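A quick write-up on the structure given underneath.
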Amino acid sequence: TLSSSSAASDVYKRQLFIQTSIAVILAALPFYVRYSLGAAEGEASLLLGAIFVTAIPSIVLWSAVVRRTSPRAALLWSVAVFGIAMLGYLLPSTVPAAALVGVAVGVGVGGLLQLLEVVLAQIIDEDATRTGHRREGAYFGVNGFVVRGSVCLLYTSDAADEEDSV
């Protein structure tokens with residue numbers, strides 16, 4: 001028999017880092033705007049807008065990459081683009097300059113939005129072939145926990161930050 005902790009462990013090894021990193025990084029943009037750029041937290045919407053307005057059309061680009069390579073290779077490329085573009089946030093000193101960096105980040109985010117679920121489905125199929133057990137519920141349950149847990153962690157830190165400033 002296969003334990004449910006084994007299924008959760010497999011998911012954790014494959015998805016935890018990428019899912020958590022993306023959720024925390026994107027949700028932390030208001031802190032970046034407030035503390036690094038010295039602007040109002042509300043201006044983070046300009047960065048998020050730049051990211052997602054770019055991410056949506058970049059899905060066409062990532063579809064072409066998938067056709068030429070594979071979903072896994074395209075996902076790795078999108079993680080690389082996302083990571084390198086995130087380094088760009090070290091440079092700007094104004095919100096408009098950071099929004100331009102957000103355009104590059106959006107290209108990586110577009111690939112991640114498109115490909116994470118596709119690769120997760122492939123991982124589930126490979127796991128079923130390897131173990132002879134279908135464990136979709138465990139995979140999607142842990143995946144949901146990681147994404148929601150990341151956001152909860154950020155809201156908790158934001159609440160603690162608000163208490164400190166009062």
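Bear in mind the structure is a predicted one, so any value in this text is a computation, not a measurement.
- Hydrophobic clustering (side-chain heavy atoms under 4.5 Å, transitive across Ile, Leu, Val, Met, Phe, Trp, Tyr) keeps F82 apart from I59.
- Side-chain contact between V118 and V66 is absent, with no heavy atoms from C-beta onward closer than 4.5 Å.
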Tabulate below the donor-acceptor pairs under 3.5 Å that side-chain atoms of residues 85-98 make, not counting sequence neighbours, or state none.
from : atom 1 : to  : atom 2 : distance (Å)
T94  : OG1    : A97 : N      : 3.3

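- With hydrophobic clusters built from ILVMFWY side chains whose heavy atoms lie under 4.5 angstrom apart, L75 does not share a cluster with V65.
- If you chain together hydrophobic residues whose side chains sit under 4.5 Å apart, I51 and L37 fall into the same group.
- Minimum heavy-atom separation, P30 to E41: O-CG, 3.7 Å.
- For A40 against V33, the heavy-atom pair with the smallest separation is O-CG1, 3.2 Å.
- Note: the hydrophobic cluster containing L115 also contains F52 (ILVMFWY, side chain heavy atoms under 4.5 Å, direct or indirect links).
- Shortest non-hydrogen contact noted between G110 and S58 is CA-OG, 3.4 Å.
- In this structure, D125 pairs ionically with R134, as a charged nitrogen and a carboxylate oxygen lie closer than 4.0 Å.
- The two residues S78 and L112 come nearest to each other via the heavy atoms OG-CD2, 3.5 Å.
- Using a 4.5 Å cut-off on side-chain heavy atoms (C-beta onward), L113 and W62 make no contact.
- When the side chains of ILVMFWY residues are joined at heavy-atom separations under 4.5 Å, either directly or via intervening members, L61 and V81 end up in a single hydrophobic cluster.
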